[in-house]
2 protein chains.
Amino acid sequence: MNRDLLKPAPAPTLKDVSKIANVSVMTVSRVLRGKGYVSKEVISLVKEAAAKIGYSPNKLAGALASDKSNLVGVILPTLSNVVFSEVLSGINSALSKTDMQPFFGISDYSLIKEEKLVEGLLAWRPAGLILTGLEHSERTRELLSKTSIRISEIMDYSDTPIDACFGLRHTLAGIETAKHLLERGYRKFGYVGSFLKTDLRAEKRFNGFAETILAAGAQLVDKKSDFGPSSMQMGRRLTKEIIDQNNTIDALYFSNDDMAAGALMHTIANNISVPQQIALASFNGLEFLDALPLKITTVKSPRFKIGELAGLHVSTENKSADSLGTGTPKKVEFPIEITIGDTT
Amino acid sequence: MNRDLLKPAPAPTLKDVSKIANVSVMTVSRVLRGKGYVSKEVISLVKEAAAKIGYSPNKLAGALASDKSNLVGVILPTLSNVVFSEVLSGINSALSKTDMQPFFGISDYSLIKEEKLVEGLLAWRPAGLILTGLEHSERTRELLSKTSIRISEIMDYSDTPIDACFGLRHTLAGIETAKHLLERGYRKFGYVGSFLKTDLRAEKRFNGFAETILAAGAQLVDKKSDFGPSSMQMGRRLTKEIIDQNNTIDALYFSNDDMAAGALMHTIANNISVPQQIALASFNGLEFLDALPLKITTVKSPRFKIGELAGLHVSTENKSADSLGTGTPKKVEFPIEITIGDTT
DNA sequence: TATAAATATGTTAGCGCTAACACATATAGG
DNA sequence: CCTATATGTGTTAGCGCTAACATATTTATA
């Protein structure tokens, strides 16, 4: 049978259910939402009728009428980095415990695309919005300021978020990593990154790192960066380049674990001893680092947890959720925790 | 200023715009949707008015009134596997070229959860639905059969999908991998998997694999499986176990690349020569394999492409999209392509 | 027993938008 | 010049649902 030819029989409505159950539409609505007073008998009557005709509530109509949707918009810069699928996983985990429904957009690290996405998602009148990062276009801020929905800015941290924020200070992550490497005695540094100029948080880490080592009189010998998503392959390739071109570098700092893991693969494949010949440090603390032959020194980012908190925040009723009191937190700064591995 | 205290000024409506532009609501609607006849002058008038008061269309109302939404529901088994973030990425890539808006749910490889998700997503009257796999609960099928929206089943392949399907035959993938290993002379096999009994596609690959080697008179020496998401760590751990407990195994087949990569790390850390002492083969062909010291023999799955095709399918108008003719394809079976690496 | 409060239903009036139709006016074709 | 078609705008009537109010009826409470 060709389902394209079947004319779409209109989906049953509350009215259809109400006719069968011999009650008013409103009563059916009450039963199906579990709101208001309805007698036991009517409840089962209605539920049977609804089941019988396969009633499916129309949330479009419900949201329009009640002026509240259970949609939550999520904007992430990319999906090609596990970091953000883990964040999404955390968000989903929090939301799936409520009746909230996540929908999303990918900004490709572009503030302009973010703006378009905010505009588009806002048209669905969501109950909340989750944005990545603290940097937004002027117009994005304007759009956001005109609404009163809950907003979570994630992955980065500021004391003055638009509404709520969950993350850590990336400059500080760079600083702490630099301090650690300086303590270990490294003096000639290289940096290997990706998403040049567009990954603002990686940029902050680099800046914190660079300032710290320079202030200590150490040297930033070279810096390799490329456009496009970070990956083990890119990390391996750029590491080969930077090592081949600079024989004085004694430590490399990476924009993230993927890149550093690629570097480690290069050292393994080329019998370069780590950390004796070169030290490696990065950022994120991804789970898979545990499986590598050498543990890479890194800084943990609580990705799943951040997603959970953000999801929790946007799915909480407006009233009860003060930064004071027993409500869910509005600002959480995660401390910088260096995981010292075998590579430094 | 406490934004919680600001009473939410109701968002401007078409009516508000129409008053300022001195035209009817319908004309404003026409301008903003670019549908129907409107004079140049009125168009700019209306656009100015809309911009002035910061009008944002209410898609809930629009979708309800026109009985069509641009929402596309996506159900994936997990986000903790790059495979599915790449699929999601492909879906997003296709949809972002249209005006379709993806929203999603995670089934945790459970058909019951999938059923609940289908029910929930259907309540938003989406234009299409993307499901992972061919297996669904009876009720899921019933729900789906009652609707006439576009449905893509992805990752697996069947000649008789509900509506459309994009993927490859997993049994065949297992068979081909087995054939390759048999050709290479391996005879004593081990299998290392995850998501025991719940990852139906991994199960199909294993079945195809096992039947083929047994039929050839070779031996399945041991099988290690664990619950929970696959990962390099799990792969490394289970590989250590299976090797330590079976000194006769000469080749290992893995449920996927993550697991196999973990195995490779184990062999590197323990100076086990691959493929001389033990061969490794797996499934997916993830990009990051290219960065490993040894290329793992695997079977490519076109994850991004599948996502794109599925997104394309559900975002296409119903009429033009036959399996015949020039429309978008409804069934695409990807051939099994073994990438022979250094590990077999 | 009177009366407030809780329980149980129904009625009315939209939410913000668009389809469908009606009615103009302009332009084209013969 | 007159009709046929294209262009431009407005009116009416919902989409399927819920908030708010109205009205019973029952159950507590003093």
Side-chain angles (χ1 to χ4, degrees), chain A residues 8-47 49-50 53-71 99 120 122-127 147, chain B residues 8-47 49-50 53-71 99 120 122-127 147:
Chain A
T13 68
L14 277 189
K15 205 171 174 181
D16 298 322
V17 179
S18 77
K19 276 181 199 156
I20 296 186
N22 258 314
V23 290
S24 74
V25 179
M26 198 59 218
T27 299
V28 178
S29 171
R30 287 191 185 106
V31 172
L32 267 23
R33 283 181 300 152
K35 267 198 171 184
Y37 298 116
V38 193
S39 66
K40 307 274 181 209
E41 307 84 60
V42 172
I43 288 180
S44 44
L45 246 168
V46 168
K47 283 192 171 167
I53 61 174
Y55 173 76
S56 163
N58 187 330
K59 295 224 183 202
L60 296 169
L64 178 62
S66 64
D67 193 32
K68 64 178 63 163
S69 82
N70 65 353
L71 292 171
D99 65 339
L122 246 24
W124 286 102
R125 303 295 186 264
T147 175
Chain B
T13 69
L14 277 189
K15 204 171 175 182
D16 298 322
V17 179
S18 78
K19 275 181 199 155
I20 297 186
N22 256 317
V23 290
S24 74
V25 179
M26 198 59 219
T27 300
V28 178
S29 172
R30 287 193 184 102
V31 172
L32 267 22
R33 281 181 302 152
K35 268 199 170 181
Y37 298 115
V38 192
S39 67
K40 307 275 181 207
E41 306 85 60
V42 173
I43 288 180
S44 45
L45 245 168
V46 168
K47 284 193 172 168
I53 62 173
Y55 172 76
S56 163
N58 186 331
K59 297 223 180 202
L60 295 170
L64 178 63
S66 64
D67 193 31
K68 62 178 64 163
S69 82
N70 64 354
L71 292 172
D99 66 337
L122 246 24
W124 286 102
R125 301 296 185 264
T147 175

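Every chain is numbered from 1, with letters handed out A, B, ... down the list of sequences.
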Review point. Between A:Leu32 and A:Val46, is any pair of side-chain heavy atoms under 4.5 Å apart?
Key: yes

Point to revise | A:Ser29 vs D:dT18: side-chain N/O to OP1/OP2 distance below 4.0 Å | key: yes

**Study point:** Donor-acceptor pair between B:Ser56 and A:Arg125 side chains, under 3.5 angstrom
**Key:** yes

Practice item. Grab the CG-C1' distance between B:Asp16 and C:dC17 for me, whole Å please. Key: 13 Å

Practice item. Identify the two heavy atoms, one from B:Pro12 and one from B:Ile53, that lie closest to each other, and give their separation to 0.1 Å. Key: CG-O, 3.5 Å

Exercise for review: Starting at atom CG of A:Leu60, determine the distance to atom C1' of C:dC17, rounded to an integer number of angstrom.
Suggested key: 12 Å

Review point. Of the nucleotides C:dT18, D:dT18, D:dG10, which has the atom closest to the A:Ala65 side chain?
Key: D:dT18

Point to revise | B:Met26 side chain, from C-beta outward: closest of D:dC17, C:dG10, C:dA19 | key: C:dA19

Practice item. Can you tell me the distance, in whole Å, between the CG atom of A:Asn58 and the C1' atom of C:dC17? Key: 14 Å

Exercise for review: Would you mind classifying the nucleic acid contact of B:Arg33 as base, sugar-phosphate or nothing, using non-hydrogen atoms under 4.0 angstrom?
Suggested key: sugar-phosphate

Review point. Which one, D:dT18, D:dC17, D:dT11, comes nearest to the side chain of B:Ser24?
Key: D:dT11

Review point. To the nearest angstrom, how far is B:Lys15 atom NZ from D:dT11 atom P?
Key: 12 Å

Check your understanding: Which part of the nucleic acid does A:Asp67 contact within heavy-atom distance under 4.0 Å: base, sugar-phosphate only, or nothing?
Key -> nothing

Review point. Could you state the NZ-P distance from A:Lys59 to C:dC15, rounded to the nearest angstrom?
Key: 23 Å

Check your understanding: Are any of the side-chain heavy atoms of A:Ser18 and A:Met26 separated by less than 4.5 Å?
Key -> no

Check your understanding: Between A:Tyr37 and C:dA8, is there a side-chain N or O to OP1/OP2 distance below 4.0 Å?
Key -> no

Check your understanding: Taking for each residue the nucleotide of DNA chain D with the nearest heavy atom, is it B:Leu64 or B:Asn22 whose nucleotide lies nearer the 5' end?
Key -> B:Asn22

Review point. Starting at the 5' end of DNA chain D and moving along, which residue's nearest nucleotide shows up first, B:Val38 or A:Tyr55?
Key: B:Val38

Review point. Does C:dG10 have OP1 or OP2 sitting under 4.0 Å from an N or O in the side chain of A:Thr27?
Key: yes

**Study point:** Contact under 4.0 Å: B:Ser39 side-chain N or O vs D:dT9 OP1/OP2
**Key:** yes

Review point. Rounded to whole angstrom units, what separation is found between the CH2 atom of B:Trp124 and the P atom of D:dG16?
Key: 16 Å

Point to revise | Under 3.5 Å donor-acceptor, B:Ser69 side chain and B:Ala63 backbone | key: no

**Study point:** Approximate separation, where rounding is to 0.5 Å, of A:Leu64 CG and B:Asn58 CG
**Key:** 6.0 Å

Exercise for review: Would you state whether a donor and an acceptor, one from the side chain of A:Arg125 and one from the base of C:dG16, lie under 3.5 Å apart?
Suggested key: no

**Study point:** Atom-pair distance (CD1 on B:Ile43; C1' on D:dT9), nearest Å
**Key:** 13 Å

**Study point:** Nearest-Å distance for atom pair CD/P, residues B:Glu41 and D:dG8
**Key:** 8 Å

**Study point:** First encountered from the 5' end of DNA chain C, between B:Arg30 and B:Gly62
**Key:** B:Gly62

